[in-house]
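One structure below.
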Amino acid sequence: MKDSDFSVVEAAQYLLARTSYRPSLALVLGSGLSEVGQAFDGQEFSYSEIPGMPRSTVAGHRGLLKIGPKTLVFQGRFHHYEGYSFHTAAFPAFLAHRLGVSTILLTNAAGGIHTSYHPGDLVLIRDHINLMGGNPMLGPHDPSFGPRFFDMTEAYSASLRTQLQNLASMLWGQRLAEGVYAGLSGPNYETPAEIRFLKTIGADLVGMSTVPEALAARSCGLTLAGLSVVTNLAAGLSAKPLNHTEVEQAGKDAQVALAQLLTAWAATPA
Ligand code: HPA
């Protein structure tokens, strides 16, 4: 399938005709984090049955959409490194907007650059640096997805961060770390020299996703939060080489904590 086969309008029409739920929150679950979706109730749709919807091709991404009364859960996302355009990589954010969602929380597996991070930590994204080499909003302007030029000053909502910090304190008696996420295209993990560069420019986390959806979400006026699971120390910060199996496993190990936080958050009155 190619990018021109994908259509947010078609996917939204299909879903709106098949469910009476109109959720206000969307969650996008990253690598190895799909099982968190099981903590949420709702009608299930396989990505492959939804007309106009791209497919997940990466191990650890299930390709399942769950629509519940309050929450829309994407179990699996689309990456530029799979050959998708940045526009397609942002599909979950565009679709959430089209389905009437007002708040989106993006999760991902990330390498930890900040020296205080350990594998397994949940880190709230405070801001991002787009080093992916593209942007989902490039191209002819469609006003139904927001203004031509849009602000990114407080892209990751401070009030959502406060809400999530309060929940973390209640659940575990401590606040989460907050950091800046650098998005690169991948699919390689970084070189140690690249990690030193990223640290110098102010990045605390590194990954290959999230930025396209975050840009689309903000363009569409969605309130945005981001949460990284630190699955490994970034390249050169430990003696070990990196591999996807370990990243996926570390993501899986963090799923119980992530599900606790996200179900508590989804149950919080808006
Ligand atoms: N680099 C890039 N993406 C990642 C990493 C990393 O170290 N870990 C998980 N996703």
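If you read the sequence from its start, that first residue is 1, and numbering goes on from there. Order of listing sets the numbers, starting from 1, for every ligand and every atom in it. Remember, predicted model here, so these are calculated numbers, not experimental data.
Geometrically, ligand 1 and G111 share a nitrogen or oxygen pair separated by less than 3.5 Å.
For N108 and S209, the side-chain atoms include no donor-acceptor pair closer than 3.5 Å. Side chains of S116 and H114: a donor-acceptor N/O pair is present below 3.5 angstrom, by distance only. In this structure, a donor-acceptor pair under 3.5 Å is absent between the side chains of Q75 and Y47.
By heavy-atom distance, the residue among G207, S228, A109 lying nearest atom 10 (N) of ligand 1 is A109. Of all the listed residues (N108, N232, V247), N232 holds the heavy atom that lies closest to atom 7 (O) of ligand 1.
In terms of protein heavy atoms, atom 2 (C) of ligand 1 is closest to E190 OE2, 3.2 Å. The protein heavy-atom contact nearest to atom 9 (C) of ligand 1 is T231 OG1, 3.4 Å.
Within ligand 1, counting atoms from 1 as listed, the ones closer than 4.0 Å to a heavy atom of L242 are 7 (O).
Below 30°, between 30° and 60°, or above 60°: for H128 and Y156 the angle between ring planes is above 60°, a perpendicular geometry.
The proximity of A110 to ligand 1, defined as any non-hydrogen pair under 4.0 Å, is limited to the backbone.
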Should Y84 and F6 be marked as a ring-ring contact (aromatic ring centres under 6.0 Å, His included) after you check the CA-CA gap, both sets of side-chain angles, and the distance that decides it?
-> CA-CA 10 Å; Y84 292 132; F6 307 133; 5.8 Å; yes
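Salt bridge annotation for E246-K240: present, with a cationic side-chain nitrogen under 4.0 angstrom from a carboxylate oxygen.
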